[in-house]
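Quick caveat: nothing in here was measured; it's all calculated off a predicted structure.
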Amino acid sequence: MPAPNRAMWGQKNNRKLIIGIFGFCLGLFGILCGMFWVDLFNWIMKKEMALAPDTRVYDNWKSPPLDLNLDIYLFNWTNPEDFGNLSTKPILEQVGPYRFNERPDKVDINWHPDNASVTYRRRSYFYFDAEGSNGSLDDEIITLNAVALSAAATGKHWPAVKKAMIDVGLKMYGAEMSVQKTIDELLFTGYRDSMIDVAIAMPIFGDEVKVPFDKFGWFYTRNGSADLTGVFNVFTGVDDLAKLGQMHSWNYQENTGFFESYCGMTNGSAGEFQPQHLKPGDSVGLFTPDMCRTVPLDYVETVDVEGLEGLKFSGGPRSVDNGTLYPENLCYCGGQCVPSGVMNISACRFGSPVFMSYPHFFNGDQYFVDQVEGLEPKQEDHEFYMVVEPSTGIPLEVAARFQVNMLVEPIDGISLYTDIPKIFFPLIWFEQKVRITPEMADQLKVLPIVLLSGQIFAGVCLAVGLILLFWAPVQNMLSRCRSRRYDLKTQTKSNGQYKSRSQFSSAEELKSKASTLVCEKSAKGSPDSSPLLEKSRKPAIIKSQTGESVATASTALSDNKHD
């Protein structure tokens, strides 16, 4: 092979080798990227979503940037004078909402790397929103006397002598079944009561009576306080992102002590995060310090929130049952096993007969609704639900709605509470509804796109790598196929007419074949050939590649012209 051809052949082979190696590397990269892209994505997510002072979610967790509103509704008792008449139900009139803008924050933050958790307290400031409210804080309503009822219920099982002291105190200070107060007094400002003052000044009952406040108000001391809701300890997700935001302990205890068995366990979410990779049919739990327990929420449907697909978890009958419908909830009875629909939190509220429910006893037994007039449960207004983005566990929309009820029942030895019906009396309910902003939704929309883009990129790399890897072998195979077809074609022609020059074994064979061809051609003749013309042709010399004479032929030269 000549030197230039050999050099060109070497360059082509080197180029094919380089292309093959590059294709192999690219294909291998595509395979590895496809295998580990999800793990890489989850690793990045873990670094960005785990709670730490330098992560992206920290600021949003510490001080949520969303507009939080607390809407409060109260029930005005329009016929308190008829309460002793067993033939007449209490008639309630809902008033409100009285809206307050909430500015939450987390304080006293301490990190615990040993178990990947963080301890903190919650503090919120509330500002009255007159424009968003239906009424003024100066509005007056008639409601149940919660102070007198709490005092009577505390001594329900006491000896007759101690119980008589409570009865005397109620009579001395003129306690009645109802009180008339302003909305401001009933909510954040609070109001003084003689029974509270006496209990504080004369602790004659010792540790059996705990008086936590000097005034009564449903949200008294909550505004600006970091002590009322206790100390939270939640997992940061640094070691396991699936535990992000899940409760580890409350007030330094893993069991609240207010309920028996597993019902007292401190578990579920603190509210900001839910478990990741949720799917339809799952359930989530929400720990509520005001009730000292976890409220389960069950999946109901898949909905769209700001263009994001979310799983909706709702507080169904299971979350407000105490063993009537779901035997596993029997430990929530707390000594008062009543029909499904209310949660007994008396132990959590200093012994006061407080029972929580959903507004208007939604998802509760009809027994509670029929006890009073003026209630109308509606799903769109009274459902407790949470919509969660399934892959990240971030809540997209939350409507937290609870109603406070107090159990009014006959108490022997206390005249104010004799000959009265047993009623779970609705007093107040509140709603805190929040929805993710479009800007935050756009950030969440990027996550699945990034995950899908990585998988598509891996597939493209694999496809291109395979093409480059097999390009040289395919080219060689096609070249051999073309060469073989050419050889077959020339072999077929040589069988019928001639052989190619490369098919002759020697120069002698080539000379012989050339002579034969010339003879054959002369024998056939041309259209105007004749014996006379053949004689006058000059010989033509055919030489082989070696320069030797191969054959001669006569060239017809016409010397005479025919007339």
Distance-only donor-acceptor check, side chains [X] and [Y], under 3.5 Å:
| X | Y | value |
| --- | --- | --- |
| His112 | Thr119 | yes |
| Gln94 | Trp429 | yes |
| Tyr98 | Asp139 | yes |

Exercise for the section: Could I get the full list of side chain to side chain contact (heavy atoms under 4.5 Å, CB included) partners for Met172, not counting sequence neighbours? Expected result: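 With sequence neighbours excluded, Met172 shows a side chain to side chain contact (heavy atoms under 4.5 Å, CB included) to Val168, given in chain and number order.
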
Practice task
Go through the structure and list residues passing side chain to side chain contact (heavy atoms under 4.5 Å, CB included) with Ser269, not counting sequence neighbours.
Solution key: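 Here the qualifying residues are Gln246, Gln274.
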
Is the number of heavy atoms from other residues, nucleotides or ligands within 6.0 Å of [atom1] ([X]) greater than 12?
| X | atom1 | answer |
| --- | --- | --- |
| Asn251 | CG | yes |
| Glu260 | CD | no |
| Asp419 | CG | no |
| Glu131 | CD | no |

Parallel, tilted or perpendicular, as decided by the 30° and 60° cut-offs, for the rings of [Y] and [X]:
| X | Y | result |
| --- | --- | --- |
| Phe368 | Phe424 | perpendicular |
| Phe402 | Phe384 | tilted |
| Trp218 | Phe216 | perpendicular |

Any side-chain heavy atom of [X] sitting closer than 4.5 Å to one from [Y]?
| X | Y | result |
| --- | --- | --- |
| Pro410 | Tyr417 | no |
| Ile423 | Phe83 | yes |
| Asp214 | Asp197 | no |
| Trp158 | Thr154 | yes |

Exercise for the section: For the pair Asp59 and Lys62, find out whether any cationic side-chain nitrogen is under 4.0 Å from an anionic carboxylate oxygen. Expected result: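 A salt bridge is absent here (no side-chain N lies under 4.0 Å from a carboxylate O).
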
Problem - side chain to side chain contact (heavy atoms under 4.5 Å, CB included) partner of Phe425, chosen from Phe355, Trp77, Phe75 - result: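 Passing option: Trp77.
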
Problem - Rounded distance [0.5 Å steps], OG1 in Thr55 versus OH in Tyr58 - result: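 With rounding to 0.5 Å, OG1 (Thr55) is 9.0 Å from OH (Tyr58).
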
Exercise for the section: Working to the nearest 0.5 Å, report the span between CG of Asp71 and CG of Asn134. Expected result: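 Reported to 0.5 Å precision, the distance equals 10.5 Å.
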
Exercise for the section: Identify which one of Lys312, Lys378, Arg401 satisfies the salt bridge (Lys or Arg N to Asp or Glu O under 4.0 Å) criterion when paired with Glu383. Expected result: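 Only one of Lys312, Lys378, Arg401 forms a salt bridge (Lys or Arg N to Asp or Glu O under 4.0 Å) with Glu383, namely Lys312.
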
Practice task
Report yes or no: is the cationic atom of Arg121 (NZ for Lys, CZ for Arg) under 6.0 Å from the centre of the six-membered ring of Phe232, at an angle within 45° of the ring normal?
Solution key: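 So Arg121 doesn't make the cation-pi contact.
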
